[in-house]
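All of these numbers come straight from a predicted model, not from anything done at the bench. Here is the naming used below: chain letters follow the sequence lines, and residue numbers restart at 1 for every chain.
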Amino acid sequence: MPELPEVETLCRQLQEVVSGKIIFSLRILDNKLGEFQQVAGQTVNAPYRNGKGITLPLDNGKALRLHLRMTGRLLWQDDRPTPEPAHTRFVMTFKQGRLILIDPRRFATLSLTDNTPLPQAFVDPLTQFPARLLWESVQGRGLPIKSFLLDQRAVSGIGNIYACEILHRASIDPWRPTRDLSLAEWKRLAKMAKTVLLKAIDCRGTSVSDWRDLLGQQGEYQHFLQVYGRAGKPCPRCSGAVKRVKLGGRGTFFCPDCQR
DNA sequence: TATAATGTTAGACT
DNA sequence: AAGTCTAACATTAT
């Protein structure tokens, strides 16, 4: 479910809510997640985002790494305990409230690791999108540009919704082989990736189906979507009909008239 | 009943 | 060897 803007939203809210707080207990309701006895009693330091992942650093040098995958959600409750929502997979209790993982499809993962830096992707779309270097280095790659944007080892944090939106704003056909992009097109991609993602962070994410932030609130970026989920509707830029195709197994929305 | 859903990756294929 | 593609994971909603 969550891509970079949604995970960034959660991390910012987590910083407010759990930084410096002591974990009273971590109750695992889906044993697929694993066992985490050692975290009780630990203080949580400032949470941060790694791509689409969330890291909760602990005082003992370890870190809880959470990835929400497709349908994972985090919810903070600071009032008196209520019955857990459907599909609750863990409950992390603090003196001041509790952090709940909700995940219908059970793809989310949690692990306890050393709090060491993780391998960085080649491109961080918010801070480092070296257009010229990419243009020079992807020669020989016939991979569709959309698949390249979704490859987390290459570009960190972009998922299906924002890949569609970024390619539309850059006027690039998702099927274009990566090797065929011009330098000007890489520059447009870099610019539009940053524009779209920063705006979406500002909007606290995209609530097209069930995305909610840490406090249960919807995001607002769904009001700015140009192509995602808009098959058959007119392209806001050229009035052509938005098409939905399948690319790399994922639903892909684009405007064949103005994305070349 | 069949399909699709905001993600990732192991294994197959080229 | 390296790049690319597909199926699988598990569940709900349309």
Side-chain angles (χ1 to χ4, degrees), chain A residues 1-11 29-34 49-54 65-74 85-89 101-111 118-119 121-122 125 134 137-168 174-180 193 196-197 199-201 203-214 217-232 243-254:
Chain A
M1 170 160 65
E3 307 180 32
L4 184 155
E6 288 76 24
V7 176
E8 181 65 24
T9 299
L10 286 174
C11 284
L29 298 158
D30 179 1
N31 54 20
K32 193 184 170 207
L33 288 174
R49 179 180 65 79
N50 45 286
K52 298 174 192 169
I54 297 169
R65 315 265 191 191
L66 174 64
H67 197 299
L68 298 170
R69 305 286 176 124
M70 289 288 268
T71 55
R73 284 181 49 196
L74 284 176
H87 315 301
T88 295
R89 305 304 182 195
L101 171 68
I102 302 164
D103 182 26
R105 286 171 73 178
R106 301 171 61 211
F107 288 166
T109 54
L110 181 67
S111 62
L118 295 166
F122 191 67
L134 281 163
S137 63
V138 299
Q139 296 311 318
R141 299 203 62 182
L143 192 69
I145 183 59
K146 185 185 179 225
S147 302
F148 180 84
L149 291 178
L150 290 176
D151 179 349
Q152 300 299 299
R153 294 162 307 185
V155 185
S156 121
I158 293 176
N160 201 34
I161 293 179
Y162 297 111
C164 292
E165 293 298 309
I166 290 164
L167 286 165
H168 177 264
W175 293 96
R176 285 275 300 288
T178 302
R179 68 163 90 87
D180 290 355
V196 166
L197 295 171
K199 175 70 175 172
I201 290 170
C203 288
R204 296 176 5 272
T206 301
S207 293
V208 284
S209 60
D210 54 0
W211 157 251
R212 297 293 183 279
D213 71 12
L214 190 63
Q217 292 219 275
Q218 292 202 8
E220 298 297 337
Y221 195 76
Q222 62 274 21
H223 304 307
F224 299 91
L225 295 176
Q226 310 282 293
V227 288
Y228 185 85
R230 302 188 72 251
K243 269 221 165 63
R244 180 191 182 283
V245 297
K246 191 152 278 201
L247 193 170
R250 314 299 307 278
T252 298
F253 298 86
F254 73 112

Q) Using a cut-off of less than 4.0 Å, is there contact between a side-chain N or O of A:His67 and OP1 or OP2 of B:dG7? A) no
**Q.** Nearest-neighbour nucleotide for the A:Leu143 side chain, B:dT8, B:dA4, C:dT4 considered
**A.** C:dT4
Q.
What is the separation between atom CG on A:Leu247 and atom P on B:dA4, rounded to the nearest whole Å?
A. 14 Å
Q | Closest heavy-atom pair and its distance - A:Gln139, A:Arg179 | A | OE1-O, 3.8 Å
Q) Rounding to the closest angstrom, what is the interatomic distance between B:dG11 and C:dA10 at atom P? A) 16 Å
Q: Rounded off to whole Å, could you give me the CD1-to-C1' distance for the A:Ile161 and B:dA5 pair?
A: 10 Å
(Q) With a 4.0 Å limit, can you tell me whether A:Lys246 has a side-chain N or O closer than that to the phosphate oxygens OP1/OP2 of B:dA4? (A) yes
Q | Result of checking A:Ile158, A:Thr206, A:Leu197 against A:Pro5 for side-chain contact (heavy atoms from CB on, under 4.5 Å) | A | A:Leu197
Q. According to a strict under-4.0 Å criterion, is A:Gln152 in side-chain N/O contact with OP1 or OP2 of B:dG7?
A. no
Q. Whole-Å distance between B:dG7 C1' and A:Met70 CE?
A. 6 Å
Q: Send over the distance from A:Arg73 CZ to C:dT11 P, rounded to a whole Å.
A: 18 Å
Q) Can A:Arg106 and A:Asp30 be counted as an ion pair, charged N to O under 4.0 angstrom? A) yes
Q | Value in whole Å for how far the P atom of B:dT8 lies from CZ of A:Arg105 | A | 13 Å
Q | Ring-base stacking, A:Phe107 with B:dG7 (5.5 Å, 30° cut-offs) | A | yes
Q.
Side chain of A:His87, heavy atoms from C-beta onward: which of B:dG7, C:dT11, B:dA5 has the nearest atom to it?
A. C:dT11
Q. A:Arg69 CZ to C:dA10 P: how many Å, rounded?
A. 12 Å
Q) With both distances under 3.5 angstrom, what nucleotide forms a Watson-Crick or G-U wobble pair with B:dA5? A) C:dT11
Q) B:dT9 and C:dT12: how far apart are their P atoms, nearest whole angstrom? A) 24 Å
**Q.** Separation of C:dT11 C1' from A:Lys32 NZ (nearest whole Å)
**A.** 10 Å
Q: Give A:Gly251 one of three labels, base, sugar-phosphate or nothing, depending on what nucleic acid heavy atoms sit under 4.0 Å from its own.
A: sugar-phosphate
(Q) A cation-pi test, strictly: NZ or CZ of A:Lys243 under 6.0 Å from the centre of the six-membered ring of A:Phe254 and no more than 45 degrees from its axis. Yes or no? (A) no
Q: May I ask you to say what A:Pro2 touches in the nucleic acid, namely base, sugar-phosphate or nothing, with a heavy-atom cut-off under 4.0 Å?
A: base
(Q) Does C:dT11 have its OP1 or OP2 closer than 4.0 Å to a side-chain nitrogen or oxygen of A:Arg106? (A) yes
(Q) For a quick check of understanding: with a heavy-atom distance under 4.0 Å over all strands, which category does A:Arg141 fall into, base, sugar-phosphate or nothing? (A) sugar-phosphate
Q: Ignoring hydrogens and angles, tell me if any N or O in the side chain of A:Ser156 forms a donor-acceptor pair with the backbone of A:Ala154 under 3.5 Å.
A: no
Q. Closer than 4.0 Å, any side-chain N/O of A:Arg244 to the OP1 or OP2 of B:dA5?
A. yes
Q: Identify whether any heavy atom of A:Gly142 sits under 4.0 Å from a base atom; if not, whether one sits that close to sugar-phosphate; answer base, sugar-phosphate or nothing.
A: sugar-phosphate
Q) Base, sugar-phosphate, or nothing for A:Ser209, non-hydrogen atoms under 4.0 angstrom? A) base
Q: To the nearest Å, give me how far apart CG (A:Asn160) and C1' (B:dT8) are.
A: 13 Å
(Q) Side chains of A:Glu220 and A:His223 only: does a donor on one sit below 3.5 Å from an acceptor on the other? (A) yes
